[in-house]
Protein chains: 2
Amino acid sequence: MIRRTPRTHGEILAAAARRFAVTGYKGTSLQDIAREVGCSKAAVLYHFAGKEALLAELMAGPISVLCELDERISALTGAAAQQAAAEGFVDLAVRFRGEIALLRGEFPELLAQPAFAHIHLISERLIEAMTGPDGGQDARVAALVLLAGIAEGCGTFADIPDEELRPALLAVAQRVLVTAAPPPTPDHQHQD
Amino acid sequence: MIRRTPRTHGEILAAAARRFAVTGYKGTSLQDIAREVGCSKAAVLYHFAGKEALLAELMAGPISVLCELDERISALTGAAAQQAAAEGFVDLAVRFRGEIALLRGEFPELLAQPAFAHIHLISERLIEAMTGPDGGQDARVAALVLLAGIAEGCGTFADIPDEELRPALLAVAQRVLVTAAPPPTPDHQHQD
DNA sequence: TCAGACACTGACCGATCGGTCAGAGAAAGA
DNA sequence: TCTTTCTCTGACCGATCGGTCAGTGTCTGA
């Protein structure tokens, strides 16, 4: 029972991540992945129940971190929730930028699948938190632009190391989010 | 020579735009479009040389505006170019948000096609302009997050009319862009 | 009335997709 | 040595893709 040759499972996963990152989930065939690994398509399907299973395993890490972030935020309100959401999402995006990048533009359809249904709810709560205590339409637009910009952009920062990208994104987040609604009357106009 | 029944060409284009916006370019088949119009797939291919031709005609508007913006920016430098790039891109994104949305995540592959090769160069020049006179890595990150965030996010703001979305996005742009390199030349610092 | 242009259809094409399946080959325990 | 288990393969499946093609009905100008 020594289960020799542990090579393939991890190799296939890594190859799938590489191909997905370049050509996207839909744009990558099982044949492409098999070619990258150097085995048959059937071998890929021997180790994984299907193409979806491959994606699910690849996204397990970032998804669990996203769920943790959601729980953490749900215990907070107002500016504290906003700050935690921004910092948490930047951390997640930097750490898992490869995984996020491979979902480029396929969020709508992938999220429609039952396996990822809860992600949709979480992302909505994330935007709500990032919108902050202001709650106005401008704040919501800012939150959405930030979220989408980080998610979409972080995959293209392959040349920037984590320890430089994180503070850069955090700085952007601090600037873009509508942080305070001092009086009830809308009154934000100072900046930096 | 009266060319009666002008119905189909425009109808097909509109139906394609609708389907592309929902399921993406790759995710929409000619059959889907034909079903939406209520004709055969062959009829779609009678009016358009192919699926790519459909996309090209849909994108002709935003692309020409993008080219104009590129020319306008190329005549400017520094903060003026940055401001023009931000405002111009926001205008473009708001006006053509439907068209931009249908490219969701398919930029990499579509831009790889020779027909759209110059778009890639333009978007790079746009980012360079948005990076601004500061030129540092943080400014570049900010520019890319803004560009990606607007492009990716604007398609989801279907419930916000143009005249509200534009100032909201402009406000985000003013906040997020690194507008000045403070120590060397204190030049411009107005805001809002 | 009739030829021809136009708009369109259904059948069909080769390619590719995700996925299945019977079986081959190697290794390990008995 | 024999049997079992694991790993992997090539052939194959039905579905769907973008695209082609011969032909059909309809309208128009002569």
Side-chain angles (χ1 to χ4, degrees), chain A residues 1-59 102-103 105-106 109-110 112-116, chain B residues 1-59 102-103 105-106 109-110 112-116:
Chain A
M1 258 339 142
I2 299 176
R3 192 66 51 74
R4 102 240 119 72
T5 57
R7 52 177 261 263
T8 26
H9 188 94
E11 271 181 26
I12 291 170
L13 207 61
R18 257 174 280 136
R19 296 306 313 164
F20 286 161
V22 174
T23 49
Y25 176 72
K26 265 186 307 187
T28 301
S29 70
L30 293 175
Q31 195 69 258
D32 292 333
I33 298 169
R35 198 180 303 122
E36 177 112 358
V37 177
C39 68
S40 70
K41 186 180 67 169
V44 174
L45 288 163
Y46 169 77
H47 286 278
F48 296 89
K51 199 183 176 186
E52 267 188 49
L54 254 167
L55 181 66
E57 191 159 329
L58 274 174
M59 300 307 291
L102 67 85
L103 289 181
E106 313 195 18
E109 288 131 88
L110 290 176
Q113 294 177 4
F116 298 106
Chain B
M1 259 337 142
I2 300 176
R3 191 69 49 77
R4 99 241 119 75
T5 57
R7 52 176 261 262
T8 26
H9 188 94
E11 271 182 26
I12 291 171
L13 207 60
R18 257 175 279 135
R19 296 307 312 162
F20 285 162
V22 174
T23 49
Y25 176 72
K26 266 186 307 187
T28 301
S29 69
L30 294 174
Q31 195 68 259
D32 292 333
I33 298 169
R35 198 179 304 122
E36 177 112 357
V37 178
C39 68
S40 68
K41 186 180 68 169
V44 174
L45 287 164
Y46 170 76
H47 286 277
F48 296 89
K51 200 183 177 187
E52 267 186 50
L54 255 168
L55 181 67
E57 190 158 330
L58 274 174
M59 300 306 292
L102 67 84
L103 289 181
E106 313 196 19
E109 287 131 90
L110 291 175
Q113 294 178 5
F116 298 106

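A note on names: the letters A, B, ... follow the listed sequences, proteins ahead of strands, and every chain is numbered from 1. Keep in mind that what you see is a predicted model, and the values were worked out from it rather than measured.
Of the residues A/Leu30, A/Leu45, A/Leu54, the one that meets the side chain to side chain contact (heavy atoms under 4.5 Å, CB included) test with A/Ile12 is A/Leu54.
Checked against D/dC8, C/dG10, D/dG19, the side chain of B/Ser40 finds its nearest nucleotide in C/dG10. When distances run from any side-chain atom of B/Leu45 to the nucleotides D/dT20, C/dT20, D/dG18, the shortest one goes to D/dT20. Considering only side-chain atoms of A/Tyr46, the nucleotide from D/dC21, D/dT9, D/dC6 that sits closest is D/dC6. Nearest to the side chain of A/Ala42, among C/dG10, C/dC21, C/dG19, sits C/dC21.
Look at CZ on A/Arg35: it is 8 Å from P on C/dC17, rounded to the nearest Å. Here the C1' atom of nucleotide D/dG19 and the NE2 atom of B/His47 are 16 Å apart, to the nearest Å. Atom-to-atom, NZ of B/Lys41 to C1' of C/dA7 comes out at 18 Å; the value is rounded to the nearest Å. In this entry the distance linking CG of A/Asp32 with P of C/dC17 reads 6 Å, nearest Å. Here the C1' atom of nucleotide C/dG18 and the CG atom of A/Leu55 are 14 Å apart, to the nearest Å. Rounded to an integer number of Å, the gap from B/Lys26 NZ to D/dG18 C1' is 15 Å. Atom CZ of B/Phe48 is separated from atom C1' of C/dC8 by 15 Å (rounded to the nearest Å). Atom CD1 in B/Ile12 sits roughly 14 Å away from atom P in D/dG18 (whole-Å rounding).
Smallest separation of non-hydrogen atoms from B/Gly27 and B/Asp32: O-OD2, 4.0 Å. The two atoms that bring B/Lys26 and A/Thr23 nearest to each other are NZ-O, 4.1 Å, heavy atoms only. The minimum heavy-atom distance linking A/Glu36 with A/Ala15 is given by the pair CG-CB, 3.6 Å.
To the nearest 0.5 Å, the span separating NE2 on A/His47 from NE2 on A/His9 amounts to 8.0 Å.
B/Ser29 has a side-chain polar atom (N or O) that falls below the 4.0 Å cut-off from OP1 or OP2 of D/dC17. Here B/His9 does not reach the OP1 or OP2 of C/dA7: none of its side-chain N or O atoms lies under 4.0 Å away.
Note on B/Leu30: only backbone sugar-phosphate atoms sit closer than 4.0 angstrom, heavy atoms only; bases stay farther off.
Residue-to-nucleotide proximity on DNA chain C shows that, of A/Ala49 and A/Gln31, the 5′-proximal contact is made by A/Gln31.
For D/dG19, its base never sits under 3.5 Å from the side chain of B/Lys51 at any donor and acceptor pair.
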